[in-house]
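Basis for what follows: all heavy atoms, side chains included, without hydrogens, waters or symmetry-related copies.
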Amino acid sequence: MSIPRNEVIVTAEDVATPSKTKQILKQHDLVLKKSLGQNFLIDQNILSKIVSAAELDKSRGALEIGPGIGALTQQLAKLAGRVVAVEIDQRLLPILGETLSPYPHASVVHGDILKTDLPALFRQHFEGVDGVSVVANLPYYITTPIIMKLLEEKLPLENIVVMIQKEVADRMAARPGTKDYGSLSIAVQFYCEAELVTIVPRTVFVPQPNVDSAVIRLRVRKTPPVDVEDADFFFAVVQSAFVQRRKTLYNNLAARFFSKENKAELEALLHGIDIDPSRRGETLSMGEFARLSTALRAHGCK
């Protein structure tokens, strides 16, 4: 019987079990650091869903952020032709060396992902692969900065498949008119198509975090879904609309872009592009925000 290309094959050296994980931690006398968001996954079923969502094969590469003791890294190495894992905690490097010893095409880079020169890393490690996906269990406390760095640096990525705090995943995938929709939703969806893959209970980690997680897949777009002349200004307009969620679009924009003397110009501008000034930012689609930023820019707003 043939095995589907993205099915996890459990082998003797796999570390993603409660007993093996605890054995490794005890053997290396490793005390996990909450400050680094170290919660290690011990569920093979969740791992299978993560790697399947990444759509890897031997012609493709995978970049992992925060591999820990290598539970996910092992599974990526079974499927991808090239795997690079960036780990900030130097104590974990010897463990990863042991975990990944059967996989010569997997390597570990010691460093802080937020300070790493990612274009240089891609040139060094992923030359010649057909495509690269980021696949990771991200530390909750720096999830958004990591994802925005990946997107804003315009790396040649196919997918970003990450396990993150469920609340943040809900915000990234949210649609207009919902309570979770906000500036993060628009920022992520400007660059990607966002899709929730699965909910992950806190019980499948060692140690258990205080919240549930979710796996989200971000398919990186070749071009944004809307045309904007100035992306930085577009995002400034979006952020301004959500400064105080309970305030109207008119009030939030007036506070940012207009003086008291010319607020009437804003109302006329909004009516001119068929947007009711009394609406709230959470009701606007990305297309409406694009239209709004174009009009504000043409009006001379900065």
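There is no path of hydrophobic side-chain contacts, each under 4.5 Å, that joins V243 to L253. No continuous path of ILVMFWY side-chain contacts below 4.5 Å connects I199 to I216, so the two sit in separate hydrophobic clusters.
Put simply, the side chain of S48 never gets that close to the backbone of Q44: no donor and acceptor are under 3.5 Å apart. Checking side-chain atoms of R256 against main-chain N and O of S240 turns up no donor-acceptor pair under 3.5 Å. A donor-acceptor pair is defined here as one N or O able to donate and one able to accept, closer than 3.5 Å; such a pair exists between the side chain of T99 and the backbone of I69. A donor-acceptor pair under 3.5 Å is absent between the side-chain atoms of Q244 and the main chain of R246, judged by distance alone. A distance-only check finds a donor-acceptor pair linking the side chain of R221 to the backbone of C192 [under 3.5 Å]. A distance-only check finds a donor-acceptor pair linking the side chain of E288 to the backbone of S285 [under 3.5 Å]. Checked by atom type and distance alone, the side chain of N262 never pairs as donor or acceptor with a backbone atom of E265 at under 3.5 Å. Looking at E87, its side chain does come within 3.5 Å of a backbone N or O of G68 through a donor-acceptor pair. With K247 contributing its side chain and R280 its backbone, the two residues share no donor-acceptor pair below 3.5 Å. A donor-acceptor contact shorter than 3.5 Å is absent between the side chain of R60 and the backbone of D130.
When all heavy atoms are compared, the tightest approach of L47 to A71 is CD1-O, 4.0 Å. Scanning both residues, P139 and I146, for their nearest heavy atoms gives CD-CD1, 4.5 Å. Annotation for H105 and A77: closest pair NE2-O, 2.7 Å, computed over non-hydrogen atoms. Of all the heavy atoms in A194 and M172, the pair that sits closest is CB-O, 3.9 Å. The shortest non-hydrogen separation linking M148 to Y191 is CE-CE1, 4.3 Å. Closest of all the heavy-atom pairs between T116 and K149 is O-NZ, 3.2 Å.
Expressed to the nearest 0.5 Å, how far CG of L56 lies from CG of L76 amounts to 6.0 Å. The distance from atom CG of L114 to atom CD1 of I88, rounded to the nearest 0.5 Å, is 8.0 Å. Distance check: L266 CG to Y250 OH gives 6.0 Å after rounding to the nearest 0.5 Å. Here the CG-CG distance, from L292 to D274, works out to 12.5 Å after rounding to the nearest 0.5 Å. Here the OG1-CD1 distance, from T294 to I273, works out to 8.5 Å after rounding to the nearest 0.5 Å. The structure places CD of E152 at 10.5 Å from CZ of F190, a figure rounded to the nearest 0.5 Å.
Pairs passing the side chain to side chain donor-acceptor pair (under 3.5 Å) check and including a residue from residues 225-235, sequence neighbours excluded, read E229-R297. For residues 170-183, the pairs satisfying side chain to side chain donor-acceptor pair (under 3.5 Å) are K166-D170, R175-Q189, with sequence neighbours left out.
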Enumerate donor-acceptor pairs with a distance under 3.5 Å from any side-chain N or O in residues 120-127 to protein atoms, sequence neighbours excluded.
| from | atom 1 | to | atom 2 | distance (Å) |
| --- | --- | --- | --- | --- |
| H125 | ND1 | R82 | NH2 | 3.3 |

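Residues Y103 and T73 fail the side-chain proximity criterion, which asks for heavy atoms closer than 4.5 Å. Between L118 and I113, some side-chain heavy-atom pair lies under the 4.5 Å cut-off. Proximity of C301 to F258: side-chain heavy atoms (C-beta onward) are separated by under 4.5 Å at one or more points. The closest side-chain heavy-atom distance from V211 to E167 is not below 4.5 Å. Contact annotation: the side chain of V51 approaches that of L72 to within less than 4.5 Å [non-hydrogen atoms, C-beta and beyond].
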>> K49 vs M163, test: side chain to side chain contact (heavy atoms under 4.5 Å, CB included). Steps then yes/no.
In response: CA-CA 11 Å; K49 290 180 179 180; M163 184 156 50; over 6 Å; no

>> Please evaluate residues T283 and D276 with respect to the criterion side chain to side chain contact (heavy atoms under 4.5 Å, CB included), reporting the C-alpha separation (whole Å), side-chain torsions for both, the decisive distance (0.1 Å), and the verdict.
In response: CA-CA 11 Å; T283 69; D276 188 335; over 6 Å; no

>> One pair to check against side chain to side chain contact (heavy atoms under 4.5 Å, CB included): L151 and L157. What are the steps and the verdict?
In response: CA-CA 9 Å; L151 296 175; L157 291 173; 5.7 Å; no

> Which is it for L218 and I147 under the side chain to side chain contact (heavy atoms under 4.5 Å, CB included) test, yes or no, and what are the steps along the way?
Replying inline: CA-CA 10 Å; L218 307 176; I147 289 181; 4.1 Å; yes

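Of the candidates V220, L150, I160, L155 forms a side-chain contact (heavy atoms from CB on, under 4.5 Å) with just one, namely L150. Screening E158, E195, E55 for a side-chain hydrogen bond (donor to acceptor under 3.5 Å, both in side chains) involving R219 leaves a single residue, E55.
Using cut-offs of 30° and 60° on the angle between ring planes, the pair F234 and F289 is perpendicular.
Summarising the local packing, CG of D112 is surrounded by more than 12 heavy atoms from other residues, nucleotides or ligands at distances under 6.0 Å.
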